[in-house]
Amino acid sequence: MTSNCRGALASDPVPPDWANMELETTWADELRLNRPGGLYRFFRSLLSCPKQVQLDRSHPLIRTIPKYALQEFHNLPNGNYSRRISRGYITGFDKAMLGCMTQQRKIMAESVGDARAVLDIGTGGGKLAWALHQAGAEEVWGVDVSPYLLQHAAQDYPQVQFYQACAESLPFSNQRFDAVTACFLFHEMPPKYIRQALSEVKRVLRPGGRLLVAEPSARQLAPVCWKRLWQKQAWRHIYFKVMALRMHEPFINAWHELDKQALFYEAGFDLESHSDAIPINYYSLKKRPSAHGGVVG
Ligand SMILES: C[S@@+](CC[C@H](N)C(=O)[O-])C[C@H]1O[C@@H](n2cnc3c(N)ncnc32)[C@H](O)[C@@H]1O
């Protein structure tokens with residue numbers, strides 16, 4: 001045991017000093033949103049064709065980010081890679097989801113039960129990691145590829161350990177965690193890397209450990225029943241459908257096409273429960289014991 005944080009193991013990575021981490025100022029940070037020219041550039045970026053993000057790849061925290069993640073997801077100017085826009089994204093995402101994310105994170109935090117050490121992969125601004133801490137998990141780690149999001153997360157939730165890592169290459173020892181959560185992560189990854197990430201999750205989970213996964217539901221893309229327009233549900237459906245069709249989500253169709261139950265099963269997880277509603281598809285999974293009585297991975 002070392003003392004880099006409460007409950008940390010000698011094999012754990014040491015979280016950087018996020019408060020004093022110098023991150024590149026990107027073009028999105030330089031947009032003057034209080035001037036007409038800046039606002040025009042901002043909205044033009046939101047409405048135009050998304051691009052690869054612009055970053056200095058010589059920075060050690062940028063060099064390791066996979067190329068597929070360096071895109072302007074959700075049409076955000078420079079994607080998740082700017083101080084200001086990524087800060088706005090953390091609050092804007094929850095508002096755009098009409099409060100569903102807050103509710104979902106609460107469900108996930110309560111579902112990890114008495115897990116002591118929990119890892120949240122694709123943690124973004126750290127809200128689920130924080131919910132896990134508040135629900136009683138003693139040791140919570142959050143990993144993400146965007147150092148900009150992690151810097152905000154570390155500032156907002158100092159009780160959580162934030163570290164930059166890809167879900168497909170986790171810097172933790174085998175069977176390190178009692179539970180792993182992934183909220184709106186896998187639909188942002190190409191299927192090949194999702195499989196690698198699941199294999200890593202299986203490796204770092206203890207025997208019988210739980211994996212909780214929330215992702216956008218494909219149901220929001222279904223045809224809207226126009227005869228039901230007098231119902232609030234129909235308007236919600238239209239809202240989420242327009243948003244799903246408008247947002248730049250380069251891998252979401254591939255995610256929707258995957259047979260999730262087969263994907264999780266082949267990765268070594270048994271399905272405990274599943275719910276699918278607009279806008280969230282939610283899976284509670286358990287690491288499956290191996291055929292010879294031990295545990296897979
Ligand atoms: C839609 S956001 C969700 C953030 C957070 N889980 C939440 O619920 O607010 C997806 C996050 O996944 C991160 N991400 C994408 N690919 C990743 C990967 N391969 N490994 C780790 N994080 C990744 C992005 O940087 C982003 O922060």
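Each ligand, and each atom within it, is numbered from 1 in the order the structure gives.
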Can you list the residues that meet the side chain to side chain contact (heavy atoms under 4.5 Å, CB included) rule with Arg63, with sequence neighbours excluded?
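Pro60.
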
Quiz question: by atom type and distance under 3.5 Å, do the side chains of Asp144 and Ser146 form a donor-acceptor pair?
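Ser146 and Asp144 do not have a side-chain donor-acceptor pair below 3.5 Å.
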
Between Gln71 and His248, a side-chain donor and acceptor under 3.5 Å
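Yes.
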
Applying ring-ring contact (aromatic ring centres under 6.0 Å, His included), can you list everything that pairs with Tyr89, at least two apart in sequence or on another chain?
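His74, Phe93.
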
Set of residues that line ligand 1, where lining means a heavy atom lies under 4.0 Å from it
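Residues within 4.0 Å of ligand 1: Tyr68, Asn80, Tyr89, Phe93, Arg105, Gly122, Thr123, Gly124, Asp144, Val145, Leu149, Ala165, Cys166, Ala167, Glu168, Cys183, Phe184, Leu185, Glu188, Met189.
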
Tell me every residue that passes side-chain hydrogen bond (donor to acceptor under 3.5 Å, both in side chains) with Trp235, counting only those two or more places apart in sequence or in another chain.
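Testing Trp235 for side-chain hydrogen bond (donor to acceptor under 3.5 Å, both in side chains), a comparison that skips the adjacent residues, returns none.
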
Would you say the ring centers of Trp141 and Phe172 fall short of 6.0 Å from each other?
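Between Trp141 and Phe172, the centre distance is under 6.0 Å.
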
